[in-house]
Amino acid sequence: MTASVPESNPVRLEKITRRASTSVHEIYTEEYLFNEDKVRERTCTITRRSVSEHDGSMSNLQSQELMLVTHIKPTVYIYSRDAVEERVYECIEDIRPIRNGECLWIDIIGVDKSLLASISRRFMIHPLFILDIETNEQRTKLDVFEDALFLVMKMIYPDKITQETCFEQISFYVKENILITVQEKPKDIFDKIRKKIVHNIGKTRKSKIDYLLYSLIDTIVDQYMDTLDIVNTKVEAIDHQLMKNLSRDTLETIYDLKRQMLDYRRLVSPLKEIINRLQKEEETQIIQESTVIYLKDLFDHVAQVNDTIDTYRETLSSCIDFYMMLNSNAMNEVVKTLTIISTIFIPLTFIAGVYGMNFDNMPEIHWKYGYFVVLIGMAALASVMLIFFKRKNWF
């Protein structure tokens, strides 16, 4: 008797075939988007519950929760040598494919997880890059992945109200003729570049997307120099303040600036190696030879920023040493004054001690003018010692 072989389920075979044809990147993307949907659903539930409980009164924490679900609309620039399109899109899927000779710049201000998930689906961006964009504590770095470049930088600028130094992360994702930038805050320094694209000023529209990347990085580096000019003003003010008077507030200001210089150094120093890698980058063929010369100039600017930071660090260290020296000199002046006073009173104390002894055989004690003579002698002795110290320039 022959055993019959059961027929294969065609639906099941189709599912297995479709799963086998799915790439590893797509699996990661689906898992990432599924987790993001769960997080957004939980966030929306928490927000609705908080609003209903407090009848419209909102705490800071609830405001942050609402910000998580606020939809951010990216500004999209599609430009070529002859034309440019500037438009704010509601949905990433609505962005039309670029034609031959066109470049696409997606400018995003704010971190919206749903928007980043849509971008990841549309442009096949690895989920690890999306996680790096969402994490605002990333260090300055450059990652090369297949046909794309991923760059994380920090923008440094002073707050207009508190004058405190602020740090903002800016992420760049570059593929062939496509650039995606993500900023944390509305503080924007790229307006000049946008105007150049719209009004066809400069080489941006005549070049490929790598020149736009260079222009954006160069703008950030110029912002570093502007911030360091403010630091230079503060250092000069500290130098003048040290010459006038000593105060603990001055020392605290010096230490605060020195900590800032350490932060600047930590954020800016990796840029030298990154610019070097961009000049020699040949894996993705994104950086054109015509842009390399501009990257060399950018490398010089970054080196100048690093040198300026090192100079200010050394200057602040010198200010601390100078403050300690002035403080030590002031203490020495106090000790010297007290020493002179003690030296003057040593012989006076000796004379007072001698005549303070209770002996009967001391004729001066019973003399009518003995008290006055001793006082005059003590005053004359003190005067002679003061004159001597003055001639020695001891005070």
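Since the model is a prediction, treat every value here as computed from it, not as a measurement. Each residue takes its place number in the sequence, starting with 1.
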Note to self: Do Leu242 and Cys319 make a side-chain contact, defined as non-hydrogen atoms from C-beta onward lying under 4.5 Å apart?
What the structure shows: yes
Next item on the list: Please list, chain by chain and in numerical order, all residues satisfying side-chain contact (heavy atoms from CB on, under 4.5 Å) with Asp300, sequence neighbours excluded.
Entry: none
Check: How would you list, by chain and number, every residue that makes a side-chain contact (heavy atoms from CB on, under 4.5 Å) with Arg194, sequence neighbours excluded?
Finding: Tyr77, Trp105, Asp107, Ile109, Gln183, Asp188, Phe190, Asp191
Checklist line | Ring geometry between Tyr173 and Phe150 (parallel below 30°, tilted from 30 to 60°, perpendicular above 60°) | finding: tilted
Next item on the list: Would you please classify the geometry between the Tyr214 ring and the Tyr211 ring as parallel, tilted or perpendicular, with 30° and 60° separating the classes?
Entry: tilted
Item checked: Sole candidate of Leu316, Ile309, Thr311 that passes side-chain contact (heavy atoms from CB on, under 4.5 Å) when paired with Arg313 -> Ile309
Item checked: Non-neighbouring partners of Arg277 that pass side-chain hydrogen bond (donor to acceptor under 3.5 Å, both in side chains), sequence neighbours left out -> none
Under 3.5 Å donor-acceptor, [X] side chain and [Y] backbone:
X      : Y      : result
Gln169 : Gln138 : yes
Asp210 : Gln288 : yes
Glu168 : Lys185 : yes

Notebook entry, point to check: So if you build clusters from Ile, Leu, Val, Met, Phe, Trp, Tyr with side-chain heavy-atom gaps below 4.5 Å, do Tyr355 and Tyr371 land together?
Noted result: no
Note to self: Does Arg87 qualify as a cation-pi partner of Tyr89, given the criterion of NZ or CZ under 6.0 Å from the six-membered ring centre and within 45 degrees of its axis?
What the structure shows: yes
